[in-house]
Novice: 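First the structure, which I've put down as structure tokens, then a few questions once you've had a look.
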Amino acid sequence: MKQEDNRTRPKRSIRTKLFSALTVMIVITLALLWLMQVVLFDIIYTNVRVSEIEATARHIRLFSDQPNFFRTVSESTSQNDICADVIRADGSIAYEVENTSTCLLHSLTVSERSELVAYAGETSLFKVNYDTVTDSYSLEAFSGSVLTDASNILYIESITHNSETLYLILDATVSPVGTVKKASASFLIILSGVLIGVAVLLANFLSKSIAEPICEISRRAKALTTGSYTAVESHSTELDELNASLLAASHDLEKVEHMRRELIANLSHDLRTPLTLIGGYTEMMRDLPSEITEENLDTVLCEIRRLTSLVNDMMDIAMLESGKTVPKPEIFDLTKEVGEAVGRYGRLTESEGYHFSFSADENATVYADKTMILQVLTNLLNNAMTYTGDDASVSVSQTLNDAFVRIEVTDTGEGISPDALPMIWERYYKVDAAHKRAAKGTGLGLSIVRQVITAHSGRYGVRSTVGKGSTFWFELPLYSPGLTDEG
Ligand code: ADP
């Protein structure tokens, strides 16, 4: 279901994605700023102003019986832009402080002030509702509601100073919210414009530094298969890594392509030669019955065997690589099996002048696929026979080290050059395909050795000195009880 969604989702360029992401981010930021401005600003502003009045009143109350009472009233109100009147019950003024011009307090008459006295002792905070038409005001108990328009808040409290009852009236203007809101609204509009501009520039810059190199890399990647990929200049580590991986892939692909071409050439050569020979000899024997000799039939048979062995090797490799052939391990005496195989080779090739020898320190038991391991040995023995020197000798030895048993097959041939050594384990690789003896092989023998030994968690390798000969070896884990349980 999810896969289907991915398939149907329209693809967009990195530039568009970056721009959309940045736009979303900016929209969220602006929305939060607008929210702060529209909803929270009034609440916060009103609360701050109210707590300023209350704190000022509390502070003044502490000094009501002190000689510096009036100085305290003056100082603490001026700090918070609050106007203050200290009046007597008859409305006359005992002390007054005018810190802002927007205060209502100072425009009141004596009788109006004496009316205010009546409010002292009830609710302390009042909102002044001023009616501009009748030029009159009324007081409304302030319940902590949010003030959105310019308003005055009065704080009225009776206090005792020098045994006289006085009335402290504080007047704070809660006015600038609207103005500040308007100012910040235009600020927000400018900010929105600037942020959108920045988003466009950023999206362009990011897409230039990310998307463009990627586009260029993908354009050049089309040349990957021909191995002619060239790195794109980039300023980021990730793109450098991508470049490096693609360069490596390009080299590998070039190698694979080269091997593929060689493979086709080798295969067609390996198949065509025996087929031509078989065809030619058979035709000749059909046309000239006198040519049906044992020697000619042997040649045909030999070529058929060669073809069969090539096809068998190809099948083995294909099966091993596809995982269709998995080792069927059993416990067996490797020393005995190797000794017998070497003995058979010696007897079979004695008449041709070959000399096979085998030495072993002590008997080694392994838990492995016997047929596969003997095929590995056969491949190594065949190679040693093919490539050994004029003395036609091949020696096989077995040694034990730690938990492994090692079999070494040594010949006295031409050896292999260090350049070719790492390649000989590759499929269809032949050191010198033109070499008469090498042309006999299929180029698959060592590849099968590699596959089989790897499938047995073993190790393999070769030591070779040009002009002196080569030693091919493989190691298998020694059998120990408990191994079979895992295997
Ligand atoms: P092949 O069937 O051609 O022998 P292999 O995979 O067994 O294929 O070997 C690959 C190549 O390695 C051979 O073509 C040969 O050039 C080289 N090689 C293998 N064994 C020996 C050896 N004992 N001495 C020298 N060269 C060898």
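Whatever order the structure lists ligands and atoms in, that order sets their numbers, starting from 1. We count residues from 1, following the sequence as given.
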Novice: Here's one to test your reading of the geometry: is the NZ or CZ of R406 within 45 degrees of the ring axis of W473 and under 6.0 Å from its centre?
Specialist: yes
Novice: Identify the heavy atoms of A364 and V405 that sit nearest to each other, and give their distance.
Specialist: CB-CG2, 3.6 Å
Novice: Test your reading of the structure: does L446 have an N or O sitting under 3.5 Å from an N or O of ligand 1?
Specialist: yes
Novice: In ligand 1, which numbered atoms sit nearer than 4.0 Å to a non-hydrogen atom of S470?
Specialist: 24 (N)
Novice: Given that the side chain starts at C-beta and the backbone is N, CA, C, O, which of these parts of W425 lies under 4.0 Å from ligand 1, counting heavy atoms, or is it both or neither?
Specialist: neither
Novice: Against heavy atoms of D411, which atoms of ligand 1 measure under 4.0 Å?
Specialist: 22 (C), 23 (N), 24 (N)
Novice: Taking side chain to side chain donor-acceptor pair (under 3.5 Å) as the criterion, tell me which of D411, T465, T410 meets it with T471.
Specialist: T410
Novice: Could you check whether R286 pairs with E283 (Lys NZ or Arg NE/NH1/NH2 to Asp/Glu carboxylate O, under 4.0 Å)?
Specialist: no
Novice: Drop me the distance from K336's NZ to T365's OG1, to the nearest 0.5 angstrom.
Specialist: 10.5 Å
Novice: Does G445, backbone or side chain, put an N or O under 3.5 Å from an N or O of ligand 1?
Specialist: yes
Novice: Under 4.0 Å from a heavy atom of L444: give me the atoms of ligand 1 that qualify, with their elements.
Specialist: 6 (O), 8 (O)
